[in-house]
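In what follows, chains are A, B, ... by sequence order, proteins preceding strands, each numbered from 1. Only heavy atoms go into these numbers, but all of them, side chains included; no hydrogens, no water, no symmetry mates.
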There are 2 protein chains.
Amino acid sequence: MSTQTSISQLSIAEENYLKAIYKITEQSDRPAATTAIADHMQTAAASVTDMLKRLADKKLIHYERYKGVMLSAQGMKIAKHLVRKHRLWEVFLVEKLGFGWDKVHDIAEQLEHIQSPELVERLNEFLGHPRFDPHGDPIPDAEGRFAERQQVLLCKLAEGERGVIVGVAEHAPSFLQFLDKLKLVLGTQLTVLERFEFDDSMRIQIHAHNEVLLSSKVTHNLFVQRII
Amino acid sequence: MSTQTSISQLSIAEENYLKAIYKITEQSDRPAATTAIADHMQTAAASVTDMLKRLADKKLIHYERYKGVMLSAQGMKIAKHLVRKHRLWEVFLVEKLGFGWDKVHDIAEQLEHIQSPELVERLNEFLGHPRFDPHGDPIPDAEGRFAERQQVLLCKLAEGERGVIVGVAEHAPSFLQFLDKLKLVLGTQLTVLERFEFDDSMRIQIHAHNEVLLSSKVTHNLFVQRII
DNA sequence: AACAATTTTTCGATTGATCTAAATTGCGAA
DNA sequence: TTCGCAATTTAGATCAATCGAAAAATTGTT
């Protein structure tokens, strides 16, 4: 057993900062800048600096002034647990309560702060140990491990290639509602009929008969798994 | 349609005070005293006075200094909505996630602060519109109306009378665990075999064969519905 | 290398929620 | 009726979280 710091009761604000730092550093693997965090959290840069000092005192981040910030092992653990909770609750809201995938983010944003390890594990059980959330994002397991998946952006597919929609890179409700309208939901199979270089758009065949023209914006935000 | 004040985004602290005032005034119908609130919330009396001023400014309570406090119509509405959410979440935790009835209070205490009217109504639907929570307490409907039920304390039953357990007055985990041990769960039918005046205890028949002696403390905290 | 632009931090202040200690009010008993 | 105690409020302080403005550090450009 490791030296359990009892998941050190954090405030909601502190948890939100950890999650923001996680999201920012997740992509680039480089330290998160103060302004990047401020942008992500819709707060003033001065507020971020204050909080970084507090989080550093609690050993949740590695912080040197003017140098950006990285999560410590403990901070990473908490951040991943928050992501786990967020995504499990999203599955609950969509699968059990029937919410649309465009409506669940804000509610899950609140639910992820509920403190109860047993609740999380029972919820996971109740949902059948889902590995992906309603947007196709992987749900880390209790130890913080993510499921891997062969996925590429739709824009990477060549003419004639087939794929199945497995996720979205963009989570804006308007984008998700647009996908609903076009019946481009997770699990949908498609074939690339034609690619137009001049504007990066693609003509796509969905199911048997439907055929749609997708803009660059769309093809760059849809994850598919190739079907060979 | 009424003049929806948009359920005026309150802080968790404010919501907790409203609920405490609700619980205290619910029984006696007389104004809640500052110290009663302080006891209930485990805070200093001075903190209560501060908060009462803030809640009075927001028109959620009727407050005159030194005179105690009552909920306003708006405050009552919010308090009842909190009770509704709390009890619905308790049903969820017990019925869907398999928690024991002695484990759900603290988690529901957190979940009741989640803000989303749609979530509450979908949860209610999902749970099959329950009218009572796992402890037998009534769940107010969306308009704040409670279900009525013919219930009396077990200690009110005469020798020979029969009843079915429908609720508990005391919610302490230790009491609930004790009831579990004795298989005195909600829905259990029982018959009063004998009453002992000297210590107010009762000999009770449960199901077909079981027979137990219940102390005054127990019989004064179990609600039963008479079977005629 | 020097300087201008940008980023980040510091400073001083505010708000909400809390506390202890001191002052005030209300009420019951003598 | 008044005196004393308990309840309540006020006063003054703290802590977390936030802000705008000013100062400091870094970065990039010439």
### Message
Just to be sure I understand the geometry, which residues of residues 41-57 of chain B put a non-hydrogen atom under 4.0 Å away from DNA chain D?
### Response
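Going residue by residue through residues 41-57 of chain B, the ones with a heavy atom under 4.0 Å of DNA chain D turn out to be B:A45, B:A46, B:T49, B:K53.
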### Task
Taking the side chain as every heavy atom from C-beta outward, state whether B:D200 and B:H220 have any atom pair closer than 4.5 Å.
yes
### Query
Taking the side chain as C-beta and beyond, is there a heavy-atom pair between A:T43 and A:I37 under 4.5 Å?
no
### Query
Rounded to the Å, how far apart are B:D39 CG and D:dA7 C1'?
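Atom-to-atom, B:D39 to D:dA7, this comes out as 12 Å.
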### Task
Rounded to the nearest angstrom, tell me the gap between atom CG in B:L10 and atom P in C:dT15.
19 Å
For the student: nearest non-hydrogen atoms of [X] and [Y], plus distance:
| X | Y | value |
| --- | --- | --- |
| B:P31 | B:T25 | C-CG2, 4.3 Å |
| B:M41 | B:N16 | SD-O, 3.7 Å |
| B:Y63 | B:A56 | CB-CB, 4.1 Å |

Thinking salt bridges, do [X] and [Y] make one under a 4.0 Å N-O criterion?
| X | Y | result |
| --- | --- | --- |
| B:K19 | B:E15 | no |
| B:K217 | B:E170 | no |
| B:E121 | B:R84 | yes |

### Query
Quick one: bend of the helix from C:dA1-D:dT30 to C:dA30-D:dT1 from 5 pairs per end, to 10°?
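About 10° separates the two local helix axes.
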### Query
Do B:F92 and A:F92 have ring centroids that are under 6.0 Å from one another?
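Between B:F92 and A:F92, which both carry aromatic rings, the centre distance is below 6.0 Å.
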### Any pair counted as side-chain hydrogen bond (donor to acceptor under 3.5 Å, both in side chains), so long as it reaches residues 26-40 of chain A, sequence neighbours left out
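Found none.
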### Summary
Whether each nucleotide of nucleotides 24-29 of chain C has a protein heavy atom under 4.0 Å at its base (B), only at its sugar-phosphate (S) or at neither (-) is summarised, 5' to 3', as BSS---
List the atom pairs, with distances to 0.1 Å, where a side-chain N or O of residues 125-146 of chain B and a protein N or O form a donor-acceptor pair under 3.5 Å, not counting sequence neighbours.
{"unit_1": "B:E125", "atom_1": "OE1", "unit_2": "B:H129", "atom_2": "NE2", "d": "3.3"}
{"unit_1": "B:D133", "atom_1": "OD1", "unit_2": "B:H135", "atom_2": "N", "d": "2.7"}
{"unit_1": "B:D133", "atom_1": "OD1", "unit_2": "B:G136", "atom_2": "N", "d": "3.1"}
{"unit_1": "B:D133", "atom_1": "OD1", "unit_2": "B:D137", "atom_2": "N", "d": "3.0"}
{"unit_1": "B:H135", "atom_1": "ND1", "unit_2": "B:E90", "atom_2": "OE1", "d": "3.0"}
{"unit_1": "B:H135", "atom_1": "NE2", "unit_2": "B:W101", "atom_2": "O", "d": "2.8"}
{"unit_1": "B:D137", "atom_1": "OD2", "unit_2": "B:H171", "atom_2": "NE2", "d": "2.6"}
{"unit_1": "B:D141", "atom_1": "OD1", "unit_2": "B:E143", "atom_2": "N", "d": "2.8"}
{"unit_1": "B:D141", "atom_1": "OD1", "unit_2": "B:G144", "atom_2": "N", "d": "3.0"}
{"unit_1": "B:D141", "atom_1": "OD1", "unit_2": "B:R145", "atom_2": "N", "d": "3.0"}
{"unit_1": "B:D141", "atom_1": "OD2", "unit_2": "B:R145", "atom_2": "NE", "d": "3.1"}
{"unit_1": "B:D141", "atom_1": "OD2", "unit_2": "B:R145", "atom_2": "NH2", "d": "3.3"}
{"unit_1": "B:E143", "atom_1": "OE1", "unit_2": "B:R145", "atom_2": "NH2", "d": "3.4"}

### Query
Counting N and O atoms only, with roles assigned by atom type, does the side chain of A:E14 sit under 3.5 Å from a partner on the main chain of A:S11, one being a donor and the other an acceptor?
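Yes; at least one donor-acceptor contact below 3.5 Å.
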### Task
In sequence, state the C-alpha distance, the side-chain angles, and the governing distance for A:L71 and A:L18, and then conclude on side chain to side chain contact (heavy atoms under 4.5 Å, CB included).
CA-CA 8 Å; A:L71 292 174; A:L18 289 182; 3.7 Å; yes
### Message
Counting only side-chain nitrogens and oxygens, does B:Y17 get under 4.0 Å of the OP1 or OP2 atom of C:dG16?
### Response
no
### Positions of residues 30-38 of chain A (non-hydrogen atom under 4.0 Å from DNA chain C), listed by number
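DNA chain C contact set from residues 30-38 of chain A: A:A33, A:T34, A:T35.
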